[in-house]
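To keep things clear, I will list the structure first and then write my remarks on it.
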Amino acid sequence: MITVRVPATSANLGPGFDALGLALGLYDEVEAELTGDRVQVSVEGEGEGELDLGEGHLVVRAMRKAFDRMGMAQPPGIRLHCRNRIPHARGMGSSSAAIVAGILAARALGSARTFSDDEVFALATEMEGHPDNVAPCLAGCLTISWTDHGGSPHMVKLTPHARIRPVVLIPSARLSTEAARGLLPKEVPHKDAAFNAGRSALLIAALTLRPENSLLMAATEDRLHQNYRAPALPGSADLVERLRAVGVPAVVSGAGPTVLVFSTPDTQDLIAPEVGNDWHIQQMDVDPDGANVQFPETR
């Protein structure tokens, strides 16, 4: 039996739509082993009593895809125990975490040809649909990801400045990524695209080189997705607006409805007074290393 640990992630980070991602110090753990009979899945924590416990479970589906991609015969049985801490349908990368966990578990348990890190990244991106959450889940830290003209994903990993402390504000309400993405227009004004290009570049500088609050406030402005999605997450949009009004660099995490704040010592005391009882405030570390596999002899 092996154990795969995968971090939560936040994508977009404001202006970096479908390109920027951050790995957070909150983890799901999946214990996996191959057996000779059927698929057995047990879940504790997030999704307990809700998720499919058979072939339809996302970790199992990712393992099956990986076995196929490796050219390995499908094992008749898989046993999983999932300890889930990443909130589901909150914009914190729970589906990317499950996909990455399944692919890495299959690679660790498989006996077929070598499955490279690039191949893992490509399959995870294929299953998720885009690399912005998958990249930081695999690599940790802050990532810039993109796909080339052939559709292959790539990433660059950067280390955020130690002064940056992510804070997530998690509501009880859920929102599917598909529903949020369905609100986006097919075309946007050229000036908005140019605005976001500049803000994305500024955000990388602010997060890695100059974590000054005035730069973070400007760098987290967005015109490509948050306003279009606001009708589906009015509470998140209102909270972002209120936090920014008092000088806190807040954005919607991924597709929402979680709100992400880039906190510094200058702003950490300004957050709680703007947040109501319907939100769970959780300060996070930036995960430095991404997903990892533990084998029995090293646990």
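What you see is a predicted model; the values in this text were computed from it and never measured.
- Here Phe295 contributes atom CZ and Leu109 contributes atom CG; the two are 7.5 Å apart, rounded to the nearest 0.5 Å.
- For Pro249 against Asn213, the heavy-atom pair with the smallest separation is CD-OD1, 3.3 Å.
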Could you walk me through whether Glu126 and Arg69 pass the salt bridge (Lys or Arg N to Asp or Glu O under 4.0 Å) check? CA-CA 12 Å; Glu126 178 185 315; Arg69 196 62 57 92; 3.0 Å; yes

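- For the pair Phe262/Leu22, a side-chain contact is recorded, criterion being any heavy-atom separation below 4.5 Å from C-beta on.
- The structure places CZ of Arg85 at 4.5 Å from CD of Glu29, a figure rounded to the nearest 0.5 Å.
- A donor and an acceptor atom, one from each side chain of Asp68 and Gln74, are located under 3.5 Å apart.
- By the rule that hydrophobic residues join a cluster once side-chain heavy atoms approach within less than 4.5 Å of another member, Val4 and Phe67 end up as members of one cluster.
- Between Thr264 and Ile164, some side-chain heavy-atom pair lies under the 4.5 Å cut-off.
- Looking at heavy atoms from C-beta onward, Ile78 lies in side-chain contact with Arg64 at the 4.5 angstrom threshold.
- The neighbour count for Arg210 CZ, taken as heavy atoms of other residues, nucleotides or ligands under 6.0 Å away, does not exceed 12.
- In the model, Ser96 has a side-chain atom that pairs as donor or acceptor with a side-chain atom of Glu128 under 3.5 Å.
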Show the numbers, then the answer: is there a side chain to side chain contact (heavy atoms under 4.5 Å, CB included) between Thr3 and Val293? CA-CA 6 Å; Thr3 302; Val293 179; over 6 Å; no

Go through the steps for Thr35 and Asp37 under the test side-chain hydrogen bond (donor to acceptor under 3.5 Å, both in side chains), then give the verdict. CA-CA 6 Å; Thr35 64; Asp37 44 19; 3.1 Å; yes

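- No single ILVMFWY cluster, assembled from side-chain heavy atoms under 4.5 Å apart, contains both Met217 and Val167.
- Remark: side-chain polar atoms of Asp148 are paired, donor with acceptor, to backbone N or O of Gly150 under 3.5 angstrom.
- Within a 6.0 Å radius of CD in Glu241, no more than 12 heavy atoms belonging to other residues, nucleotides or ligands are found.
- Residues Asn12 and Leu20 fail the side-chain proximity criterion, which asks for heavy atoms closer than 4.5 Å.
- Note on Val60: it clusters hydrophobically with Leu58, by side-chain heavy-atom contacts below 4.5 Å among ILVMFWY residues.
- Here the side chain of Thr208 pairs a donor or acceptor atom with the backbone of Ile204 at under 3.5 angstrom.
- Proximity of a side-chain donor or acceptor of Asp192 to a complementary backbone N or O of Leu224 within less than 3.5 Å is not detected.
- Of all heavy-atom pairs spanning Ala255 and Leu233, the tightest one is O-CD2, 3.4 Å.
- Scored by the side-chain hydrogen bond (donor to acceptor under 3.5 Å, both in side chains) test, Thr143 finds no partners at all (sequence neighbours excluded).
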Test log, rule side chain to side chain contact (heavy atoms under 4.5 Å, CB included), inputs Ser152 and Thr147: CA-CA 5 Å; Ser152 297; Thr147 54; over 6 Å; no

Carefully, step by step, assess Glu119 and Arg107 under the rule salt bridge (Lys or Arg N to Asp or Glu O under 4.0 Å). CA-CA 11 Å; Glu119 289 174 304; Arg107 181 171 74 169; over 6 Å; no

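- In summary, Arg174 and Glu50 engage in a salt bridge, as defined by a charged side-chain N under 4.0 Å from a carboxylate O.
- For the pair Glu221/Arg244, a side-chain contact is recorded, criterion being any heavy-atom separation below 4.5 Å from C-beta on.
- In this structure, the separation between CZ on Arg83 and OG on Ser42 is 9.0 Å, given to the nearest 0.5 Å.
- The minimum heavy-atom distance between Cys141 and Pro136, with the atom names listed, is O-CB, 4.1 Å.
- Among residues at least two apart or in separate chains, salt bridge (charged side-chain N to carboxylate O under 4.0 Å, His left out) pairs with a member in residues 270-292 are Arg165-Asp285, Arg242-Glu274.
- The CG atom of Leu104 lies 9.0 Å from the CG atom of Asn292; values are rounded to the nearest 0.5 Å.
- Separating the OG atom in Ser95 from the CE atom in Met127 is a distance of 9.5 Å, to the nearest 0.5 Å.
- Between Glu31 and Arg79, none of the side-chain N atoms (NZ, or NE/NH1/NH2) sits under 4.0 Å from a carboxylate O, so this pair counts as no salt bridge.
- Leu13 and Val261 are not part of a single hydrophobic cluster, where members link through side-chain heavy atoms under 4.5 Å apart.
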Going through the distances and angles, do Arg163 and Asp266 end up as a salt bridge (Lys or Arg N to Asp or Glu O under 4.0 Å)? CA-CA 10 Å; Arg163 199 166 184 262; Asp266 299 329; 3.0 Å; yes

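- One N or O on the side chain of Gln226 and one on the backbone of Val252 form a donor-acceptor pair closer than 3.5 Å.
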Decide side chain to side chain contact (heavy atoms under 4.5 Å, CB included) for Cys82 and His57; before the verdict, give the C-alpha distance in whole Å, the side-chain angles of both, and the deciding distance to 0.1 Å. CA-CA 11 Å; Cys82 305; His57 193 279; 3.9 Å; yes

Passes side chain to side chain contact (heavy atoms under 4.5 Å, CB included), Phe17 versus Leu184? Steps please. CA-CA 12 Å; Phe17 181 66; Leu184 300 178; 3.5 Å; yes

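- Under the 4.5 Å side-chain heavy-atom criterion for ILVMFWY residues, a single connected hydrophobic cluster contains both Leu216 and Val251.
- The nearest pair of heavy atoms linking Ala124 to Val100 is CB-CG2, 4.3 Å.
- Using a 4.5 Å heavy-atom cutoff, the side chains of Ser236 and Thr258 are not in contact.
- Here the side chain of Arg90 pairs no donor or acceptor atom with the backbone of Ser253 at under 3.5 angstrom.
- Looking at Cys137 and Phe121, their side chains never come closer than 4.5 Å, going by heavy atoms from C-beta outward.
- The environment of Lys65 atom NZ is sparse: at most 12 non-hydrogen atoms of other residues, nucleotides or ligands sit within 6.0 angstrom.
- A distance-only check finds a donor-acceptor pair linking the side chain of Ser200 to the backbone of Pro15 [under 3.5 Å].
- Between the side chains of Asn133 and Thr9, at least one donor-acceptor pair of N or O atoms lies under 3.5 Å.
- Judged by a 6.0 Å distance limit and a 45° cone about the ring axis, Arg5 is positioned over the six-membered ring of Tyr27.
- Between Asp222 and Asn227, every side-chain heavy-atom pair lies at or beyond the 4.5 Å cut-off.
- Note that CG of Leu138 is 5.5 Å distant from CE of Met155, once rounded to the nearest 0.5 Å.
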